[in-house]
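Because the structure is predicted, anything quoted here is derived from the model rather than measured. Heads up: numbering here begins at 1 and tracks the sequence.
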Amino acid sequence: MTGRIIKIALVVVVLAAFMAARGCRARASAAAEQPFDVVIRNAHILDGTGSPWYAGDIAIRAGRIVAIGRLGKFSAKSTIDARGRVVAPGFIDMLGQSELTILVEPRLPSKIYQGITTEITGEGSSIAPQTEALLRADHLTYEHYQVTPDWRTLQDYFARLEKQGMGINLASYVGATQVRRVVIGDADRDPTGDELERMKAQVRQAMREGAMGVSTSLQYPPAPYAKTDELIALASEASRYGGIYATHMRSEGDAIIDALEETARIAREAKIPAEIWHLKVAGKSNWGRMPEVISFIEKSRAAGLDITANTYAYTAWNNSLSAFVPPWAHDGGTAKLIERLRDSKARERIKKEMDTPATDWDNEWNEIPGAESILVSEVQNKALLSIQGKTIAEIAKTWNEDPKDAIFDLLIQDNAYTYVSVFGMQQSDVSLALKQPWVSIDNDSEGTSIEGILGQAHPHPRAYGTFPRILRKYVHDEKLLTLPDAIRKFSSLPAQRMGLTDRGVLKLGMWADIVIFDPEKVHDVATFENPNQLSVGMDYVLVNGVPVIEDGKMTNALPGKVLRGPGFGKE
């Protein structure tokens, strides 16, 4: 009797297994028979890893890659024939600056026409946290962009982005400068013990809300007032949540080795990976020092420090004109700076310090040949719009005054808002940095448009051209990089760095951030003389499986997502 029961039980088990398997096959068959949303056919696939291209097709469903290879017959809602073109992962901008302009023009045409599908932002002064006092202090910026700042936390800001939609994916650091300003304002002093604890709490909250890490921009006041121990304390909080320390270092000129040593110390003592933004050696006296910088980073990596960098590969940088003024003159914020610039004695002191070589601050005036190397790119005061695109030398001649006085008077008239492009790098240093296997790419410019209020600015051409320029100049023309290596720098390298495990490579299960282009045709158009020109050659750009550029034209779709960091939702 017992044997019979066992046999019956075995039969039941076998039948159940058969039915289950049949059901699984039926579901799999049904899934296979569902039409794909998009299929890209006849592609030269560069998967982002640095491997050579291979021929194949890519199928997308619900925003992700669900099949890749030679697909044969298939059913698809939309088909793209990529014959003769490269299909690669969407490009990741390691420093994008679009946190406000994405609220003005969510499509971000200057970005998507470069092939950028993801941006990381938040350089020192991040979009959050905010206080009423900070919003009042920075009101001219919000008025300039016609943006109402209705957020106070990073979580609030992300919610606003998700509600409005956006053309690319976006992630942000929390800025060490931002939390310093929240707690102690713009004063040149150390935080008290209690204030430092409050700053650390702000970092913890931002990490739990999705920040990628903590960042510094140590050239721009009040950031230089922060000592290394303060930065280690904040970076240690980000480290607890798996974050990164990203930095615009304290010096990119005469004191660059000191700045590198500080970065290495923060990485070591906070036990955190470090990312150096827009790696450069600035100033004619430092031209040719890039091998020294690379050697320092290589030795640090060999010693176990996880330090990497990025570059935009132009010989001019772009920043605030107020950076030409020594940090002490910024103590107390913009109003105090303007007050000192109006004072004849303070003005003479500032001039003298600008003319004196220094290692305790990044003296840009000493890093350039002269006033002809400073090009005004953006002003806030509409009465000054005519000087955009002119050099300080030209402005000084028109105003009939010394170039340093022209800088001061321009800052006074524009309430210290002015941005400038500064020609202070050597091409061989730029090229050498770009070649390094641990160097990815940053745009270091806000997303912009040739139309509307954004089109009124005169930005650095990198705003429109960084990634296509690298493809044209450094890959196609100069052969400094191979195409697979450039694509790796644009995609898998930054994705790996930022912990974006489901982006940056073309393989099954990944989000379908994809670009399709002809390497013979893609190129930048923007110049310093005429920067507001969209790059050419991106035939298709898909963000999360949805085309934002189709047949070379913007679709107006807003499929981007907020990308949150490793501490999101943790306690």
Side-chain angles (χ1 to χ4, degrees), residues 43-56 58 68 82 84-95 114-120 273 275-280 290-291 293-295 297-298 301-302 306-315 427-444 462 465-498 500-501 503-507 510 513-524 535 537-539 541:
H44 283 185
I45 299 172
L46 278 172
D47 65 7
T49 66
S51 299
W53 69 267
Y54 66 94
I58 299 173
I68 192 165
R85 290 174 287 182
V86 163
V87 177
F91 304 158
I92 298 174
D93 181 353
M94 287 292 274
L95 178 59
Q114 292 186 61
I116 295 169
T117 57
T118 295
E119 173 185 311
I120 318 298
E275 178 76 11
I276 299 172
W277 276 323
H278 42 65
L279 185 68
K280 66 174 72 72
M290 186 55 74
V293 170
I294 290 168
S295 176
I297 296 172
E298 292 279 15
R301 290 180 58 81
D306 188 359
I307 299 177
T308 56
N310 51 68
T311 179
Y312 45 78
Y314 284 82
T315 55
Q427 183 60 59
S428 60
D429 289 323
V430 171
S431 298
L432 185 58
L434 178 62
K435 285 175 60 176
Q436 302 312 305
W438 35 264
V439 170
S440 56
I441 308 303
D442 73 278
N443 208 52
D444 198 16
R462 70 190 184 194
T466 299
F467 288 80
R469 181 173 184 265
I470 291 172
L471 292 173
R472 173 58 54 173
K473 175 179 172 63
Y474 296 104
V475 175
H476 183 274
D477 295 345
E478 298 181 5
K479 308 292 190 292
L480 182 75
L481 301 172
T482 67
L483 183 57
D485 191 29
I487 296 301
R488 172 185 165 271
K489 287 176 174 290
F490 294 177
S491 56
S492 69
L493 178 60
Q496 176 188 25
R497 189 54 169 169
M498 301 309 302
L500 305 177
T501 57
R503 299 179 192 273
V505 178
L506 298 182
K507 67 177 184 179
M510 305 293 274
D513 295 340
I514 296 174
V515 295
I516 304 174
F517 63 95
D518 182 343
E520 294 295 320
K521 296 180 180 179
V522 66
H523 65 278
D524 60 314
S535 285
M538 286 296 156
D539 296 323
V541 178

message = As a quick check of understanding, evaluate side chain to side chain contact (heavy atoms under 4.5 Å, CB included) for F490 and L471, giving each step before the final call.
response = CA-CA 10 Å; F490 294 177; L471 292 173; 3.7 Å; yes
key: Backbone N/O of D93 and side chain of N443: donor-acceptor pair under 3.5 Å   = no
request  = Please examine the side chains of L279 and M290, heavy atoms only from C-beta on, and report whether any two atoms are closer than 4.5 Å.
outcome  = yes
message = If you compare all heavy atoms of S492 against all heavy atoms of T49, which two are closest, and at what distance to 0.1 Å?
response = OG-CA, 4.0 Å
ask   = Out of curiosity, R497 CZ to M94 CE, how far, rounded to the nearest 0.5 Å?
value = 7.0 Å
task = Could you tell me how the ring of F91 sits relative to the ring of F517: parallel (under 30°), tilted (30 to 60°) or perpendicular (over 60°)?
result = perpendicular
remark   = Shortest non-hydrogen pair, V505 vs P89, comes out as CA-CG, 4.1 Å
request  = Output the distance between atom CD (Q436) and atom CD1 (I294), rounded to the nearest 0.5 Å.
outcome  = 3.5 Å
query = If every non-hydrogen atom of G48 is compared with every non-hydrogen atom of S491, which pair is closest and at what distance?
reply = CA-OG, 3.5 Å
request  = Show your reasoning for whether side chain to side chain contact (heavy atoms under 4.5 Å, CB included) applies to K489 and V439.
outcome  = CA-CA 7 Å; K489 287 176 174 290; V439 170; 4.0 Å; yes
remark   = In terms of heavy-atom contacts, Y474 and S431 come closest through CE2-OG, 3.7 Å
query = Rounded to the nearest 0.5 Å, how far apart are CG of L483 and CG of L481?
reply = 9.5 Å
ask   = Taking all non-hydrogen atoms of both residues, which atom of S51 and which atom of P484 are closest, and how far apart?
value = O-CB, 3.6 Å
Check: H523 side chain, K521 main-chain N or O, donor-acceptor pair, under 3.5 Å = yes
query = Of M538, Q114, R472, which meets side chain to side chain contact (heavy atoms under 4.5 Å, CB included) against F467?
reply = Q114
key: Pairwise side-chain contact, T308 with S440, heavy-atom cut-off 4.5 Å (strictly under)   = no
ask   = Taking the side chain as C-beta and beyond, is there a heavy-atom pair between V86 and W53 under 4.5 Å?
value = no
key: H278 and T311: CA distance, side-chain angles, deciding distance, side chain to side chain contact (heavy atoms under 4.5 Å, CB included) verdict   = CA-CA 4 Å; H278 42 65; T311 179; over 6 Å; no
query = Donor-acceptor pair, T466 side chain versus Y312 backbone, under 3.5 Å?
reply = no
request  = Please report the closest heavy-atom contact between G90 and V515, naming both atoms and the distance.
outcome  = CA-CG1, 4.0 Å
message = Do N310 and W277 have side chains that approach each other closer than 4.5 Å (heavy atoms only, starting at C-beta)?
response = yes
ask   = When rounded to the nearest 0.5 angstrom, what is the spacing between CG in D442 and CD in E119?
value = 10.5 Å
message = Please report the interatomic distance CD1(I68) to CG(L506), rounded to the nearest 0.5 Å.
response = 5.5 Å
request  = Salt-bridge test for D444 and R462: reply yes if a basic N is under 4.0 Å from a carboxylate O, no otherwise.
outcome  = yes
ask   = In Å, rounded to the nearest 0.5 Å, how long is the span from CG of L480 to CG of L434?
value = 5.5 Å
ask   = Could D477 and R469 be called an ion pair, given the rule that one side-chain N must be under 4.0 Å from one carboxylate O?
value = no
